[in-house]
Amino acid sequence: MAEWLDRLQSEFILWFDKLKSEFILNFIDGDRWKLLVEGLGTTFEITIAAVLLGILLGVLVAIIRSSYDKNEEHLRGASKAVISFLNSLAKIYLTVIRGTPVVVQLLIMYYVIFASSNNKLLVAILSFGINSGAYVAEIFRSGIMSVDSGQLEAGRALGLNYAQSMVHIVIPQAFKNVLPALANELIVLLKETSVSGYVAMTDLTRAGNIIRGVTFSAFMPLIAVALIYLAVVMILTKLVSLLERRLRASDH
């Protein structure tokens, strides 16, 4: 029994020493840990800018689509033609963006649309922002459609026109209804940015891959990347949960 315990202890010491040497090789030598910090910063930059662009595009598309759905029977003449045209464009945008992989959209944006530009960060932000906008649009449209039509009629009765009623009455209520879903979209977008390395962006995932390519050790850098993503997502999930609880409390 004592011999077996001694052997187990020696194997554990060997395993720990190997793990320690792997850690030093991958992160300490050459200050390679800085690559992960810089990559995480780039990931945050892309995510925050892209989610803001996505919300802007999504709200605009949602307003166009919901306005058409709510007022299709009452539209006449030029206004009907304009709204119908914008609604058709919005449907094409949603179909194309939601029907193609985000990595393909990123490659098209980098190698085709912005082939003459070297601003990789801008390309990544536009690609992920436009992609996110399609999903935000449907989230926000469902929020607008969930607001009782009597709210809009009440605004009209108070002397507000359609646009004013939407801005001051309907959209604030819709935004509150879909805020948890928008926060979840932020979490999804954060993970989607891991494909930024396809256009040579040094985000968190590519930073781990660069370390792997230098040290020829895959376990430590890739596990570190996975744990960082997991930690960030867990924090964001907790914040979303607190937000949902607060919104439920404010309804009572």
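Not measured: the values here are computed from a predicted model.
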Which heavy-atom pair separates [X] from [Y] by the least distance, and what is that distance?
X: Ser196; Y: Leu106; answer: CA-CD2, 4.0 Å
X: Ala62; Y: Arg141; answer: CB-N, 3.6 Å
X: Pro221; Y: Asn26; answer: CD-OD1, 3.4 Å
X: Ala90; Y: Val61; answer: CB-CG1, 3.7 Å

Report the distance from atom [atom1] of [X] to atom [atom2] of [Y], rounding to the nearest 0.5 Å.
X: Leu86; Y: Ile64; atom1: CG; atom2: CD1; answer: 5.0 Å
X: Tyr110; Y: Met201; atom1: OH; atom2: CE; answer: 10.0 Å
X: Thr47; Y: Leu52; atom1: OG1; atom2: CG; answer: 11.0 Å
X: Ile48; Y: Thr43; atom1: CD1; atom2: OG1; answer: 10.5 Å
X: Ile139; Y: Ile55; atom1: CD1; atom2: CD1; answer: 9.5 Å
X: Ile28; Y: Ser21; atom1: CD1; atom2: OG; answer: 12.5 Å

Hey, any chance [X] and [Y] share a hydrophobic cluster, counting ILVMFWY side chains that come within less than 4.5 Å of each other, even indirectly?
X: Met109; Y: Ile92; answer: no
X: Val96; Y: Val112; answer: no
X: Trp15; Y: Ile13; answer: no
X: Leu222; Y: Tyr198; answer: no
X: Leu179; Y: Val188; answer: no

Donor-acceptor contact present, side-chain Asn87 to main-chain Ile83, <3.5 Å: no

Between Ser241 and Thr237 (side chain of the first, backbone of the second, donor and acceptor by atom type, cut-off under 3.5 Å), is there such a pair? no

Suppose we screen for ring-ring contact (aromatic ring centres under 6.0 Å, His included). Which residues come up paired with Phe27, at least two apart in sequence or across chains? Phe23

Applying side chain to side chain donor-acceptor pair (under 3.5 Å) to Asn209 and not counting sequence neighbours gives Arg212

Residues forming a side chain to side chain donor-acceptor pair (under 3.5 Å) with Glu45, sequence neighbours excluded: none

Return the set of residues passing side chain to side chain contact (heavy atoms under 4.5 Å, CB included) with Thr205 (not counting sequence neighbours), or none when no residue passes. Ser194, Asp203, Val225, Tyr229

Candidate pair Thr215 and Glu22, rule side chain to side chain contact (heavy atoms under 4.5 Å, CB included), full reasoning: CA-CA 9 Å; Thr215 62; Glu22 285 277 318; over 6 Å; no

Compile the donor-acceptor pairs under 3.5 Å between side chains in residues 31-42 and protein atoms, sequence neighbours left out, one pair per line.
from, atom 1, to, atom 2, distance (Å)
Arg32, NH1, Leu25, O, 2.4
Arg32, NH1, Asp29, O, 3.2
Thr42, OG1, Glu38, O, 3.1

So does Asn118 have more than 12 non-hydrogen atoms from other groups sitting under 6.0 Å from CG? no

Flag the pair [X] / [Y] as yes when at least one side-chain heavy-atom distance between them is below 4.5 Å, and no otherwise.
X: Val59; Y: Phe175; answer: no
X: Ile171; Y: Ile63; answer: yes
X: Ser117; Y: Leu122; answer: no
X: Arg65; Y: Leu94; answer: yes

Quiz: residues 123-136 side-chain donor-acceptor pairs under 3.5 angstrom, not counting sequence neighbours:
from, atom 1, to, atom 2, distance (Å)
Ser127, OG, Val123, O, 2.8
Asn131, ND2, Gln105, OE1, 3.1
Ser132, OG, Glu185, OE2, 2.9

Could you point out which residue of Val51, Leu189, Leu190, Leu121 forms a side-chain contact (heavy atoms from CB on, under 4.5 Å) with Ile46? Leu121

